[in-house]
Amino acid sequence: MNRRSYRGKCIKLNLKNFEIARVLHEIAIYEEMKGEMFKPRAYEKAALYIGSLAEDVGTIYKKGGIKALMQLPGIGRNIAEKLVELIQTDGLAYYEQLKREIPVDLTTLSSIEGMGPKKVKLLYEKLGITNIEELEKAIREKRVRALRGFGESSEQKILKGIEFFKKSHGGRFILGFILNTFEDILQRLKKLDSVKNAKLAGSARRMKESIGDADFLASSDKPQKVMDFFTSMPEVAYIHTKGRTKSTVRLKSGINCDLRIVPEESFGAALQYFTGSKQHNVLLRTIALHKGYKLNEYGLYDKRNRQIAGKTEESIYSKLGLPFITPELREDKGEIEAARYGRLPKLIGYDDLKGDLQIHTNWTDGNYTIIEMTEAASKAGLEYIAITDHSRTLEIAHGLNERKLKQQEKEIKRVNNTTKQNGRITILTGVEVNILKDGSLDLENNVLMEFDIVGAAVHSHFSLSKEEQTKRLVSAMYNPNVDILFHPTCRVIQKRHPLDIDFDKILDVSKETNTILEVDSSPERLDLQDEYIQRAIENKCKIVIDSDAHDKSHFHFLKFGISQARRGWAEKKDVVNTLPLEKFLKSLK
DNA sequence: GCCGTTTTCGGCCCGACTGTTTTCAGTCG
């Protein structure tokens, strides 16, 4: 952050959103240390919003100046000015001042379970602790227990928190890889005699791509029994807290799970409350206040404290004058206003897909034969699929050359004849053609034109300049044989940043050339991501949702692609592979 | 520091659990 100037010239290092979000997050913690009441919330809200934004803050600033920044929710003049300073200088004087006053590794220390701003501050002021190593040492030397507000048991708790932090490197969990675990726990909860109703709430219910913890909710007259069951499940590694209405455990897989228990008449209110998001709920509570009500996890209450709604979520929204808002939309991204004016989208449903246009077989890097994958697709309820194995230059995946592709085409036609006769599913011929560094494709046009479906994708040179990368994708999209741009931004969640591209340009060319943009449903890709899906739809671009299946078991990935599309406000009509086969084929280039 | 069906000033969601207290502060979601 200090690489400010070089021979007096300003070097722009282009801070990424997550770095800017981190600065704002740390300012929030510093403000809380100072005892500020409301500033921390303002900074935290801004940090969360910017951290979740797909488009670079720098790009927004370049396009619309400080005014565009101030139009973002939760960003006023003051924070906007700080953003401009960060964008222009890669530094922020205000932040650096705070850092000088209390020079500690704030992000790390405060991410240790049980450590908040006040404790970090006290530990620095009394014991000079600035990082996790010094904290651990002080505890081992029994110096922490002497401080007011700490004791032997807090020392042990912090030590456990440090241990966990070191193991988990503070990561979030990819929903598609862990949702099964939760559904399994939920089934067991539901089977208990003492449980009337149980649901998974939280960000998992909102189908966020990654989650920090899981929130279970149950209604019961015998909460103690349910809590005993929950805290003694075989997968529990550690019990954080155990109370009558709330318990938190950590599973052996490392993820924290909460269980809340409420009376049956509060189940809907609690479900609404614990589903979040936090910002969505704050807005709902404000609406409740305006109407003279009070909303909490036990229900909606009038002035005389009588419950007027709470058994179902629908009753809460309805009494607030709103239609039901589906969990995937509850992110404070305009859904409440849309609900108020009857403009909520009619989201694509989880059963609406008829086709899947990206599937791999053991001809390249898939695990099963064409016929095995076809049968699995049929079982998943699909009416048509395209086999799209990799092309020749993707050597890591044993890409197919022209000769092999010809052979595969024959095999597909053979299988297709038998399955069609059974009246089941149609297999389209296809390929995932590799986009080379200069934007050309690794198969000739006379080869490509033989396929029913051509998906083009980037698999190398991920860090070209924005201009080069955009030009590269655009050039592939102008190819008359390319129907779909597969996993357009190439991101891998928590592993690889999205390509640096001019997404507006991609959208323009997608529309101009009728090139479909894919939502790849692989749980660690989900590419396009929700926000880009929303922008694609606003620009009237077409999208498809594909499984990118490499295994018979991968068709259930489609659920996560659909949820991502729902989070991007996609309707059935926006997604081309909800069409029956004939209409789908007609809609291609 | 943000924001507007109460508003450009004066509000800002709210309850549960823990540990260290002897009535509550800090943390979490």
Side-chain angles (χ1 to χ4, degrees), chain A residues 24 27-49 69-83 94 109-123 144-158 161 201-203 211-217 223 227 239-248 256-262 266 269-270 272-301 320-321 332 336-337 340-341:
Chain A
L24 295 175
I27 293 177
I29 301 173
Y30 278 126
E31 298 290 355
E32 203 158 329
M33 284 180 185
K34 288 200 247 168
E36 288 283 350
M37 298 295 288
F38 301 106
K39 279 192 197 179
R41 245 185 267 169
Y43 277 105
E44 193 56 46
K45 189 182 171 188
L48 278 174
Y49 181 76
L69 294 177
M70 285 174 67
Q71 270 161 16
L72 301 175
I75 315 270
R77 172 155 301 275
N78 206 303
I79 292 183
E81 280 170 357
K82 290 190 169 63
L83 292 179
Y94 182 63
L109 284 175
S110 64
S111 66
I112 295 168
E113 282 165 342
M115 289 280 288
K118 300 285 168 64
K119 288 188 178 169
V120 172
K121 183 173 186 233
L122 192 74
L123 287 168
V144 170
R145 63 180 65 176
L147 299 178
R148 189 182 171 77
F150 291 84
E152 212 178 320
S153 136
S154 348
E155 279 186 341
Q156 288 315 306
K157 219 163 182 182
I158 296 173
S203 42
I211 61 174
D213 63 4
D215 299 285
F216 293 93
L217 178 68
M227 287 307 184
I239 302 171
H240 287 281
T241 65
K242 185 181 174 189
R244 270 183 59 80
T245 65
K246 181 191 170 187
S247 294
T248 305
N256 283 341
C257 295
D258 276 5
L259 173 62
R260 299 273 191 144
I261 299 179
V262 295
S266 296
Q272 196 290 311
Y273 181 74
F274 293 119
T275 296
S277 68
K278 202 170 172 177
Q279 287 308 320
H280 176 89
N281 287 354
V282 167
L283 278 177
L284 276 197
R285 281 174 187 228
T286 312
I287 293 174
L289 282 176
H290 288 158
K291 290 187 179 289
Y293 301 147
K294 189 181 80 167
L295 178 61
N296 61 28
E297 58 262 58
Y298 297 105
L300 185 64
Y301 296 90
L320 294 177
D332 184 21
I336 289 183
E337 206 190 346
R340 184 179 280 160
Y341 297 109

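What you see below is based on every heavy atom in this structure, not just the backbone, and it leaves out hydrogens, waters and symmetry mates. Computed from a predicted model, the values in this text were never measured in an experiment. Naming convention: chains lettered A, B, ... in sequence-line order (proteins, then strands); numbering from 1 in each chain.
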Mind checking the [atom1] distance from [N] to [M]? Whole angstroms is fine.
N: B:dT6; M: B:dC14; atom1: P; answer: 16 Å
N: B:dG19; M: B:dT23; atom1: C1'; answer: 13 Å
N: B:dT8; M: B:dG1; atom1: C1'; answer: 15 Å
N: B:dT20; M: B:dT27; atom1: C1'; answer: 14 Å
N: B:dC12; M: B:dT5; atom1: P; answer: 15 Å
N: B:dC28; M: B:dC13; atom1: C1'; answer: 14 Å
N: B:dG15; M: B:dG10; atom1: C1'; answer: 25 Å
N: B:dA16; M: B:dG11; atom1: C1'; answer: 25 Å

Below 4.5 Å, heavy atoms only, C-beta onward: do [X] and [Y] meet side chain to side chain?
X: A:Lys45; Y: A:Ile75; value: no
X: A:Leu122; Y: A:Phe150; value: yes
X: A:Ile287; Y: A:Ile336; value: yes

Side chain of [X] - closest among [options]:
X: A:Lys294; options: B:dG26, B:dC12, B:dC14; value: B:dC14
X: A:Lys82; options: B:dG29, B:dC14, B:dG1; value: B:dG1
X: A:Tyr43; options: B:dG29, B:dG1, B:dT5; value: B:dG1
X: A:Lys118; options: B:dG26, B:dC17, B:dG1; value: B:dG26
X: A:Lys246; options: B:dC13, B:dC17, B:dG19; value: B:dC17

Taking only N and O in the side chain of [X], is any of them less than 4.0 Å away from OP1 or OP2 of [N]?
X: A:Ser153; N: B:dG19; result: yes
X: A:Thr245; N: B:dC17; result: yes
X: A:Lys157; N: B:dT27; result: no
X: A:His290; N: B:dT5; result: no
X: A:Tyr298; N: B:dA16; result: yes

Do the side chain of A:Tyr273 and the base of B:dG29 come within less than 3.5 angstrom through a donor-acceptor pair of N or O atoms?
yes
How long is the line joining [atom1] of [X] and [atom2] of [N], in whole Å?
X: A:Ile287; N: B:dC3; atom1: CD1; atom2: P; result: 16 Å
X: A:Ile112; N: B:dT27; atom1: CD1; atom2: P; result: 12 Å
X: A:Asn78; N: B:dG1; atom1: CG; atom2: C1'; result: 6 Å
X: A:His280; N: B:dC13; atom1: NE2; atom2: C1'; result: 14 Å
X: A:Arg285; N: B:dC14; atom1: CZ; atom2: P; result: 6 Å
X: A:Gln71; N: B:dC3; atom1: CD; atom2: P; result: 11 Å
X: A:Met115; N: B:dT27; atom1: CE; atom2: C1'; result: 12 Å
X: A:Lys45; N: B:dC3; atom1: NZ; atom2: C1'; result: 8 Å

Under 4.0 Å, counting only non-hydrogen atoms across every strand here, what does [X] touch: a base, just sugar-phosphate, or nothing?
X: A:Lys291; value: nothing
X: A:Lys121; value: nothing
X: A:Glu81; value: nothing
X: A:Pro40; value: nothing
X: A:Asn281; value: nothing
X: A:Lys39; value: base
X: A:Leu284; value: nothing

Return the 5'-most residue of the pair A:Glu155, A:Asn296 with respect to DNA chain B, ranking by each residue's nearest nucleotide.
A:Asn296
For A:Glu113 and A:Val282, take the nucleotide of DNA chain B holding the closest heavy atom to each; which residue's nucleotide lies nearer the 5' end?
A:Val282
In terms of side-chain geometry, is the basic nitrogen of A:Glu44 or A:Arg41 positioned less than 4.0 Å from the acidic oxygen of its partner?
no
Between A:Glu36 (side chain) and A:Glu31 (backbone), is there a donor-acceptor pair under 3.5 Å?
no
Are any side-chain N or O atoms of A:Ser110 and backbone N or O atoms of A:Pro117, one a donor and one an acceptor, separated by less than 3.5 Å?
no
Looking at OH of A:Tyr273 and NZ of A:Lys278, how far apart are the two atoms once the value is rounded to the nearest 0.5 Å?
8.0 Å
For B:dC14, which nucleotide in any strand shown is its Watson-Crick or wobble partner with both distances under 3.5 Å?
B:dG29
Among A:Leu48, A:Val282, A:Leu283, the one residue meeting side-chain contact (heavy atoms from CB on, under 4.5 Å) with A:Asp332:
A:Leu283
Give a yes/no verdict on base stacking between B:dC12 and A:Phe38: centres under 5.5 Å, planes within less than 30° of parallel.
yes
